[in-house]
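Reviewing the structure listed below.
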Amino acid sequence: GQQLNQSPQSMFIQEGEDVSMNCTSSSIFNTWLWYKQDPGEGPVLLIALYKAGELTSNGRLTAQFGITRKDSFLNISASIPSDVGIYFCAGQPRSGGSNYKLTFGKGTLLTVNP
Amino acid sequence: DGGITQSPKYLFRKEGQNVTLSCEQNLNHDAMYWYRQDPGQGLRLIYYSQIVNDFQKGDIAEGYSVSREKKESFPLTVTSAQKNPTAFYLCASNTRSSQPQHFGDGTRLSIL
């Protein structure tokens with residue numbers, strides 16, 4: 001089946017630093033999504049990307065849909081303590097039979113030191 | 001407020017027991033999903049349903065069962081056949097136009 005490689009697995013940074021994480025796929029996706037999960041809660045959607053090359057921002061977060069359709073990047077600028085959590089990428093394939101199925105990366109655990 | 005409600009928040013299962021996790025949404029979404037999350041792992045799809053009275057197996061359906069009798073509800077039963085049920089279970093939903101899935105706050109299932 002499809003696989004997503006998300007990196008890095010974890011990051012420990014100082015408050016105010018910028019953060020970058022990415023996901024790569026062995027196959028093409030039609031949609032890329034980025035979620036954040038706090039401990040004991042469900043993932044919350046941060047950014048959705050629908051077109052190759054698309055660059056979308058949500059406050060201090062910026063995500064890009066790779067030109068090859070096989071990768072996506074998430075950047076967080078000027079990190080703050082509440083950015084702590086697990087960030088997941090998810091891809092949705094182009095094939096019609098499984099339009100609604102998402103493939104998830106294993107997550108990036110972000111720790112911010114005040 | 002509109003959203004996805006999962007209950008209970010914590011659930012304990014005895015050996016040989018079936019347990020049912022509830023998922024209700026008032027977003028008028030057509031599709032609903034169940035995922036399993038293990039520590040350090042991504043989300044793995046158990047079952048999904050695109051319309052009432054229809055559902056499909058996901059990647060790890062063995063030992064689980066679902067029903068979709070109402071648009072708003074998609075309960076998941078963890079049967080005694082599931083030998084390693086300890087995990088965090090997440091329910092999600094979206095519209096049929098492939099809009100992003102939105103998640104409930106999860107149910108943590110443990111073995112007594």
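Labels below follow one simple rule: chain letters A, B, ... track the order of the sequence lines, proteins then strands, and each chain is numbered from 1.
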**Request:** Enter the distance from A:F88:CZ to B:Q37:CD here, rounded to the nearest 0.5 Å.
**Result:** 4.5 Å
**Message:** Starting from B:V52, can I reach B:L76 by hopping between I/L/V/M/F/W/Y residues whose side chains sit under 4.5 Å apart?
**Reply:** no
**Request:** Report, by ascending residue number, the residues of residues 102-112 of chain B in heavy-atom contact with chain A at a distance under 4.5 Å; give 'none' if the set is empty.
**Result:** B:H102, B:F103, B:G104, B:D105
**Asked** Out of curiosity, does A:L45 fall in the hydrophobic cluster containing B:I4 (side-chain heavy atoms, cut-off under 4.5 Å, transitive links)?
**Response** no
**Message:** At under 4.5 Å between heavy atoms, what parts of residues 32-41 of chain A are in contact with chain B? List them by residue number.
**Reply:** A:L33, A:Y35, A:Q37, A:G40, A:E41
**Asked** Does one hydrophobic cluster hold both A:F29 and A:Y87, with members joined at side-chain heavy-atom distances below 4.5 Å?
**Response** yes
**Request:** Can you tell me which residue pairs pass the side chain to side chain donor-acceptor pair (under 3.5 Å) test with a partner in residues 10-22 of chain B, sequence neighbours excluded?
**Result:** B:T20-B:T77
**Asked** Cluster question for you: counting only ILVMFWY and a side-chain heavy-atom cut-off of under 4.5 Å, with indirect links fine, are B:L45 and B:Y47 together?
**Response** no
**Prompt:** Is any residue of residues 70-77 of chain A within less than 4.5 Å of chain B by heavy atoms, and which ones?
**Reply:** none
**Prompt:** What is the minimum heavy-atom distance between A:G42 and B:L90, and which atoms define it?
**Reply:** CA-CD2, 3.6 Å
**Message:** Measuring from atom CG of B:N94 to atom CG of A:L102, what distance do you get when rounded to the nearest 0.5 angstrom?
**Reply:** 7.5 Å
**Message:** Side-chain heavy atoms nearer than 4.5 Å, only ILVMFWY residues, links allowed to pass through others: does that put B:Y33 and B:F88 together?
**Reply:** yes
